[in-house]
Amino acid sequence: MSKNISAVKKNQISLRNKYRNKSYKSAIKTLTKKYILSLDDNKSHDHMLQLSVIYKKIDKAVSKGILHKNNGSRKKSILAKAMKNFISQNV
């Protein structure tokens with residue numbers, strides 16, 4: 001371990017950011033899995049509400065720099081495609 005004060009502080013900051021980023025990414029993954037399962041189960045009817053919550057979480061992660069802009073867009077595209085397939089199967 002370094003005795004340099006700035007190195008110690010930098011390490012503390014990187015650990016803090018690591019845990020914050022992990023919580024955002026974990027929440028996005030959890031919400032996405034629940035959303036996909038709810039589409040498969042066909043029990044829940046508030047799909048658009050769930051989708052907007054996930055979109056908001058992804059957009060916030062992109063704005064904070066946790067996810068890259070293209071990665072966030074890709075995640076949202078996958079969710080939109082899943083919704084489109086769900087609607088086309090039920091019509």
Heavy-atom closest pair, residues [X] and [Y]:
X	Y	result
Ile66	Lys25	O-CE, 3.9 Å
Ala61	Ile28	CB-CD1, 3.9 Å
His47	Leu39	ND1-CD2, 3.5 Å

For the atom pair [atom1] ([X]) and [atom2] ([Y]), what is the distance rounded to the nearest 0.5 Å?
X	Y	atom1	atom2	answer
Lys18	Ile13	NZ	CD1	15.5 Å
Gln89	Lys84	CD	NZ	13.0 Å
Leu31	Leu51	CG	CG	11.0 Å
Ile36	Asp41	CD1	CG	11.5 Å
Asn71	Lys76	CG	NZ	11.5 Å
Ser38	Gln50	OG	CD	4.0 Å

* Heavy atoms from other residues, nucleotides or ligands near CG of Leu15 exceed 12 (cutoff 6.0 Å) ->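 Atom CG in Leu15 is crowded, with more than 12 foreign heavy atoms closer than 6.0 Å.
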* **Any Arg20 side-chain heavy atom under 4.5 Å of Lys64 side chain** =>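 A side-chain contact is absent here, since even the closest heavy-atom pair is not under 4.5 Å.
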* To do: Would you mind reporting whether Leu79 and Tyr55 have side-chain heavy atoms less than 4.5 Å apart?
  => yes
* In the single-linkage hydrophobic clustering (I, L, V, M, F, W, Y; side-chain heavy atoms under 4.5 Å), do Ile78 and Val62 co-cluster? -> no
* According to a 4.5 Å side-chain heavy-atom criterion applied to Ile, Leu, Val, Met, Phe, Trp and Tyr, with indirect links allowed, do Ile87 and Ile54 form part of one hydrophobic cluster? -> yes
* **Check against side chain to side chain contact (heavy atoms under 4.5 Å, CB included), Leu67 and Lys75** => CA-CA 10 Å; Leu67 294 177; Lys75 288 181 185 300; 4.1 Å; yes
